2 protein chains.
Amino acid sequence: MVVNIINDVQRMLKEERHQYILAKIKLSRKVLSTDLSIELKVSEDTIRRDLNELSSKKLIKKVHGGALPIDNLASSYLERSNFNLEEKNTIAKKALSLIKDGQVIIMSGSTTNLQLAKIIPSDINATIYTYSLPIALELTKHPSIEIIFIGGKLYKPAQVTIGLDVVSSISQLRTDLCFMGTEGINVSSGMTEPNWEVSHIKKCMISASNKVIVLCTKNKINKIKRYAVAPIHKIDTIVTNINPTDSTFNDFKEKGVKIL
Amino acid sequence: MVVNIINDVQRMLKEERHQYILAKIKLSRKVLSTDLSIELKVSEDTIRRDLNELSSKKLIKKVHGGALPIDNLASSYLERSNFNLEEKNTIAKKALSLIKDGQVIIMSGSTTNLQLAKIIPSDINATIYTYSLPIALELTKHPSIEIIFIGGKLYKPAQVTIGLDVVSSISQLRTDLCFMGTEGINVSSGMTEPNWEVSHIKKCMISASNKVIVLCTKNKINKIKRYAVAPIHKIDTIVTNINPTDSTFNDFKEKGVKIL
DNA sequence: AATTTTGATGCATAAAAACGCGTAAAAATG
DNA sequence: CATTTTTACGCGTTTTTATGCATCAAAATT
């Protein structure tokens, strides 16, 4: 019996096929199982299994006959933004009451702020400065808010601009309100951040703004991170997802911080 | 017997049709089953089934004879970006070949550029300046591209920043390549734009860049708009969705413009 | 009201997907 | 090194899906 060596010579590994498929989808926006079967010299069955795998990893959208790219805009940020959505929305709703018509506001890039941006009623007029891509994008849907985007080098994981440009832009501003998320807040250490760049930017935001409002979920309270942003007395209001009368806040209240 | 190759060549996947229909509805506020049947080369029957599906997903409002948009004022940019996707992708693929590793590039906010941003291979290194939110967001998915966002006041319909800040930022730049879309290009009038702000920004881009590459679909060629951007000799290359040997381009070639 | 356009429904068919099974190579195990 | 176990595939077979067509019902149009 003749052994067909030729056939065996070139068979791609599964992983290689996957790479190939992803690359092709990226480039052509569409792949057909039949084409792939021919191109990769495996049965359509195998292609289908490949497609199913990639699809279950959310890397492609499998459809009858082939696959298409997954549409969605952002991935990692988007995932985070859907985390603890319930809490974030609670906070956002409370924070809404602090916005008055005609104000100039600066917002940090936190996912809670994104929630806030989503629910600002369309009859509110305001000017919002931000350095977060998703927040700016969200606000473009709003009919009357004026958006000023603060440019600079993009920090991909958080989809915000950072760096000197941002710092220098912000230090030239004067705003009424400043909404910012935080990674840690505590009476003695004040507000702290794990990221040096971010801590610096937040410092600028605070000195640029008349009132400082910190939005944070319960689990950030009493956490301390590496870099200091501001002592507690610089914070005007903390908005959280728990009851403002909770005893957790006693110390904060003594320092004159409002809890919402 | 004649085998009809043409017929076999392109049949869209159901999902693709759906996307096409949605894009068209948003753009023209109305679609007719008969038109779609011809455009998508399927029976009206199938179109009706498509429309029913989309309608049951509340994405469109199905009516006698066709369908209408379901109120909501989704961002007009996204609408445009999914329209004529095929052509835009063709252009983007061609344009890809012009990008070399390590270059500094500036991109305008055109939807064709968005397509380009989507398909840049992950092994390419480059620095990209842009003032388009969607493009910047798209590029955050790329592992190695450095993105610099040019800040300023946001122009919502196009999701780009405009204004003095943008102009002044760009005039301080020096880039290797400049990819820009256009609303009209013509041998005698050169490149033209309907929007004054945009025309001004594009002028800056051109003078900041070593090479100027214009991406445009066939239908923009020989159109003339209100505001001049640049005479034809400032353009190095035009990338379109049609064959570069097409006679349409003869005049352009005489002026030294490369066609891709 | 008559006529023309659309829409819905059932049916036929071809293509694609899923499922189960067998096999052979690769990896793990004793 | 022998032998299990696992993994990756391919091949039938059965289901499901996508689509067109014919027919009849429901509109819109005249």
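Please read these numbers as outputs of a predicted model, since none were measured by experiment. Within every chain, numbering begins at 1; the chains are lettered A, B, ... in the order of the sequence lines, protein sequences first and strands thereafter.
In this structure, the side-chain contact (heavy atoms from CB on, under 4.5 Å) partners of A:K24, at least two apart in sequence or on a different chain, are A:Y20, A:S28, A:V31, A:D35, A:L36, A:E39. Looking at residues two or more places apart in sequence or on another chain, you find a side-chain contact (heavy atoms from CB on, under 4.5 Å) between A:E197 and A:I162, A:N195. Residues passing the side-chain contact (heavy atoms from CB on, under 4.5 Å) test with B:P143 are B:S122, sequence neighbours excluded. Applying the salt bridge (Lys or Arg N to Asp or Glu O under 4.0 Å) rule to A:K62 yields no partners; only residues at least two apart in sequence or on another chain are considered. Among residues two or more places apart in sequence or in another chain, the ring-ring contact (aromatic ring centres under 6.0 Å, His included) test is passed with B:F149 by A:F149. A:E87 is linked by a side chain to side chain donor-acceptor pair (under 3.5 Å) to nothing, counting only residues two or more places apart in sequence or in another chain.
To the nearest angstrom, P of C:dA16 lies 17 Å from CD of B:E15. Remark: P of C:dC19 and CZ of A:R48 are 12 Å apart, rounded to the nearest angstrom. In this structure, A:E16 atom CD and D:dT7 atom C1' are separated by 16 Å, rounded to whole Å.
The shortest distance between the side-chain N/O atoms of B:N52 and the OP1/OP2 oxygens of C:dG7 is not below 4.0 Å. The side chain of B:S33 contributes an N or O atom lying less than 4.0 Å from OP1 or OP2 of C:dG7.
In this structure, the helix from C:dA1-D:dT30 to C:dG30-D:dC1 shows an angle of 40° between the axis at its start and the axis at its end, each fitted on 5 base pairs and rounded to 10°.
Classification of B:E146 and A:K153 as a salt-bridged pair holds, one side-chain N sitting under 4.0 Å from a carboxylate O.
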Scan the side chains in residues 45-53 of chain A for donor-acceptor partners under 3.5 Å anywhere in the protein, sequence neighbours excluded, and list what turns up.
unit_1: A:T46; atom_1: OG1; unit_2: A:S43; atom_2: OG; d: 3.2
unit_1: A:R48; atom_1: NH2; unit_2: A:E44; atom_2: OE1; d: 3.4
unit_1: A:D50; atom_1: OD1; unit_2: A:R17; atom_2: NH2; d: 3.0
unit_1: A:D50; atom_1: OD1; unit_2: A:H18; atom_2: NE2; d: 3.1
unit_1: A:D50; atom_1: OD2; unit_2: A:R17; atom_2: NE; d: 2.6
unit_1: A:D50; atom_1: OD2; unit_2: A:R17; atom_2: NH2; d: 3.3
unit_1: A:N52; atom_1: ND2; unit_2: A:R48; atom_2: O; d: 3.3
unit_1: A:E53; atom_1: OE1; unit_2: A:K14; atom_2: NZ; d: 3.2
unit_1: A:E53; atom_1: OE2; unit_2: A:K14; atom_2: NZ; d: 2.7

Legend entry - Footprint string (nucleotides 19-30 of chain D, 5' to 3'): B base within contact, S backbone only, - free, heavy atoms under 4.0 Å: BBBB----SS--

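Between A:L51 and B:G66, the residue anchored closer to the 5' end of DNA chain C is B:G66, taking for each the nucleotide with the nearest heavy atom.
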